[in-house]
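In what follows, a single structure is set out as structure tokens and then discussed.
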Amino acid sequence: MLRIGSNEKGYLSFLEGIKELSFIIKRVYFVYGVPENIVRGFHAHKITDQIVFCSFGKIEILLDDGINKQTYILDNPEKFLLIQKRIWHEMKWLTKDSVLTVVASEKYNEEDYIRDYQKFIHYINNNN
Ligand code: TYD
């Protein structure tokens, strides 16, 4: 999805004609300046779907639907992962200076977050 152009002056990555995208992008954000081995995230969203890329570096993403946990390595800007609503996610910076780029289906709203794992399990079991 994220494509790369490069020449002797460096790299330029771009998003264009995003046919894999199942939502309209309402927000884009970037996470960076994160020390190596730090894990961020530890939340799920009630409504928001997101697509994440590692636009520079190497980041491990853990997805957990409350039953199964799966980890993925993003180490190339052309790899991406859909993080759907109601999926607990954690992101580990495997190399410093890695940049996580996120496109989201909703504007930021703290009410959309579930930041406690037990509340996440309770939410997915009681809100169909
Ligand atoms: P947070 O969700 O805690 O980051 P992470 O899950 O990566 O550890 O977000 C950090 C702070 O930034 C928090 O105070 C919420 C705020 N924030 C916004 O204001 N707008 C946004 O679009 C996002 C993603 C976060």
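All ligand and atom numbering here is 1-based and tracks the order in the structure. Here, residue 1 is the first one in the sequence, and each next residue gets the next number.
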- So is there a nitrogen or oxygen of Y108 less than 3.5 Å from a nitrogen or oxygen in ligand 1? no

- Message: I'd like to check atom 14 (O) of ligand 1 in this structure: does the protein have a heavy atom lying under 4.0 Å from it?
- Response: no

- Note on the structure: Contact region, E90 to ligand 1, non-hydrogen atoms below 4.0 Å, reads neither

- With heavy atoms under 4.0 Å as the rule, classify the contact between F42 and ligand 1 as side chain, backbone, both or neither. neither

- Among non-hydrogen protein atoms, atom 22 (O) of ligand 1 lies closest to R27 NH1, 2.6 Å

- Any idea which atoms of ligand 1 are less than 4.0 Å away from a heavy-atom of Y113? 2 (O), 24 (C)

- Residues Y123 and Q118: side-chain donor-acceptor under 3.5 angstrom: no

- Numbered in order shown, the ligand 1 atoms found under 4.0 Å of a heavy atom of H43 are 2 (O), 6 (O)

- Message: Does the protein place a non-hydrogen atom closer than 4.0 angstrom to atom 4 (O) of ligand 1?
- Response: yes

- Which ligand 1 atoms does G41 reach within 4.0 Å, using its non-hydrogen atoms? 5 (P), 6 (O), 7 (O), 8 (O)

- Return the residue, atom name and 0.1 Å-rounded distance of the protein heavy atom closest to atom 7 (O) of ligand 1. R40 NE, 2.9 Å

- On the 0 to 90° scale, with breaks at 30° and 60°, tag the W88-F120 ring pair as parallel, tilted or perpendicular. tilted

- Separation of S55 OG from E78 CD (nearest 0.5 Å): 12.5 Å

- Taking every non-hydrogen atom, the tightest pair across C54 and S98: SG-CB, 4.4 Å

- K46 side-chain N/O to E111 backbone N/O, donor-acceptor pair under 3.5 Å: yes

- Query: Backbone N or O of H43 within a donor-acceptor pair of the R115 side chain at under 3.5 Å?
  - Reply: no

- Quick one: does R115 get an N or O within less than 3.5 Å of an N or O on ligand 1? yes

- Query: Quick one: does atom 24 (C) of ligand 1 have a protein heavy atom under 4.0 Å from it?
  - Reply: yes

- Under the salt bridge (charged side-chain N to carboxylate O under 4.0 Å, His left out) test, which residues partner K119, sequence neighbours left out? none

- Query: Mind checking whether L15 and F30 sit in one hydrophobic cluster, side chains of I, L, V, M, F, W, Y counted as touching below 4.5 Å?
  - Reply: yes

